[in-house]
**Q** 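A single structure is presented below for examination.
For this chain, numbers begin at 1 and follow the sequence in order. Values below: every heavy atom of this structure, side chains too, minus hydrogens, waters and symmetry copies. Read the numbers this way: they start at 1 and go in the same order the structure lists the ligands and their atoms.
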Amino acid sequence: MDFYEIETKYGAGVYAKHQLSIVRGQGASLFDADGNEYLDCTSGHGVANLGHAHPKVAAAIAEQASTLITLFESYPNDKRAALMQKMASLVPGLERVFFCNSGTEAVEAALKFARISTSCTNVVAAMRAFHGRTFGSLSATFNKKYRDGFEPLVPGFIHVPYNKVEALKAAVTEETAAIILEVIQGEGGVYPADAEYIRAARRICDEKGALLIVDEIQSGFGRTGKMFAVQHFEVMPDLLCCAKSLAGGVPMGAVLIGQNVQNLTPGVHGSTFGGNPLSCAAGLAALTAIEEEDLAGQAAEKGAYLMDKLRKIESPIIREVRGMGLMVGIELKKKVAPYLKALQDRNILALNAGMTVLRLLPPLVISYEQIDHLVDVLTDVLAKNSFTDAGE
Ligand SMILES: Cc1ncc(COP(=O)(O)O)c(C=O)c1O
């Protein structure tokens, strides 16, 4: 049996699997067992911002693995303390941090913190939003595809159209604990927020006494051209959720916490693995490398280069190219699945975002040559293939 057959037989069945097994990564490349190379434009859904097998992250993990892997947060630790200090320096004003193990856990923590802090229960989220798949974060997630079959979800959540200030204003009341927003919607189709929308969200929260939660789980750590996407707009949230590329690929999530968030006392929340020294050592190495290699600057420049080239592709199938930095969506006039398969057949791995958006989330260390190659292959795939939506 090959790996595909084994995983299909023994896996839970909740993932649609590609018939392509990957055993190694290096920089922006992935390799199958036969040594065939693939250009990774997925980064594991935005995890591998630093590329695969980054030597400093690998060395930090190896060293910490033989020093101390696990330690509950009740006992302070050198690596955790250092990572806390580092994270406190990322966004002035957000100087406390809660560590967990994934994106959805970061959102769960932020929602709980908003409720305990404000003594209110309601949460206003956006249409098309994706915040995770556990019950709190799923309640903030919009798409029926993720919610159907799991109701009743957590009460008190409503969804309003994204980028519409008046609708947001109308939805927030004195009973609202928080507004939760992605600064650029990822799974929902790669839709960047307008600056005025994010600034209005901050103002509305201040007026009504609600907290502003930004979900930077996909957009964080340099992806959009700043350390966090919200920094494009000079808005300070009260709670900032991050995960994915925080620890260079080792599972880790975090919530950065501002002054307005209160009542965080012992026992209010916690996590067995949260803040474990192994993840913290990886996080410290990853954040140091992200800063030293100016990954945010790289994403800004390479993203502008990529989007410029994509916008010059003359294809009747392309409806729009949009994004921020190296978080890029190409909206097609057709369903995207067969085009993704055609790209994979040409050794380029990319993502969808909904039915018609082709999403590119390459490692931020992707080279200009690799970007040129990506655009050449994509141009060819769009020109040569005319898949009918009915045939999928
Ligand atoms: C914006 C956003 N929030 C939350 C999540 C959930 O993260 P995780 O899969 O680590 O639970 C994701 C994952 O794609 C995401 O993109």
**Q** What about the rings of Phe98 and Phe113, do their centers lie closer together than 6.0 Å?
**A** yes

**Q** For ligand 1, which atoms sit closer than 4.0 Å to a heavy atom of Glu187?
**A** 14 (O)

**Q** Go through the structure and list residues passing side-chain hydrogen bond (donor to acceptor under 3.5 Å, both in side chains) with Gln19, not counting sequence neighbours.
**A** none

**Q** Determine, using heavy atoms of Glu182 and all atoms of ligand 1, whether some pair is separated by less than 4.0 Å.
**A** yes

**Q** Run the numbers for me: atoms of ligand 1, each under 4.0 Å from some heavy atom of His131, listed by number.
**A** 3 (N), 4 (C)

**Q** Determine, considering heavy atoms only, which of Glu108, Lys244, His45 sits nearest to atom 14 (O) of ligand 1.
**A** Lys244

**Q** Around atom NZ of Lys302, are there more than 12 heavy atoms of other residues, nucleotides or ligands at under 6.0 Å?
**A** yes

**Q** At less than 4.0 angstrom from any non-hydrogen atom of Gly103, what atoms of ligand 1 do you find?
**A** 7 (O), 8 (P), 10 (O), 11 (O)

**Q** Quick check on the 6.0 Å ring-centre criterion: do Phe130 and Tyr146 meet it?
**A** yes

**Q** Considering only heavy atoms of Gln218, which atoms of ligand 1 have at least one such atom less than 4.0 Å away?
**A** 14 (O), 16 (O)

**Q** Using a 4.0 Å cut-off to any heavy atom of Asp215, which atoms of ligand 1 qualify?
**A** 1 (C), 2 (C), 3 (N), 4 (C)

**Q** With sequence neighbours left out, which residue pairs that include part of residues 81-94 fulfil the salt bridge (Lys or Arg N to Asp or Glu O under 4.0 Å) condition?
**A** Lys86-Glu291

**Q** Quick check, are the ring centers of Tyr162 and Tyr197 under 6.0 angstrom apart?
**A** yes

**Q** Between Asp238 and Arg202, is there a side-chain N and carboxylate O pair less than 4.0 Å apart?
**A** yes

**Q** Say whether Val107, considering both its backbone and side-chain N or O atoms, lies within less than 3.5 Å of an N or O atom on ligand 1.
**A** no

**Q** Nearest protein heavy atom to atom 11 (O) of ligand 1, by residue and atom, and its distance?
**A** Thr104 N, 2.8 Å

**Q** What protein heavy atom sits nearest atom 12 (C) of ligand 1, and how far away is it?
**A** Phe130 CE2, 3.6 Å

**Q** Can a protein heavy atom be found under 4.0 Å away from atom 9 (O) of ligand 1?
**A** no

**Q** Within the structure, is a non-hydrogen atom of Glu105 found at a distance of less than 4.0 Å from ligand 1?
**A** no

**Q** Is it the case that more than 12 heavy atoms not belonging to Glu314 sit under 6.0 Å from its CD atom?
**A** no

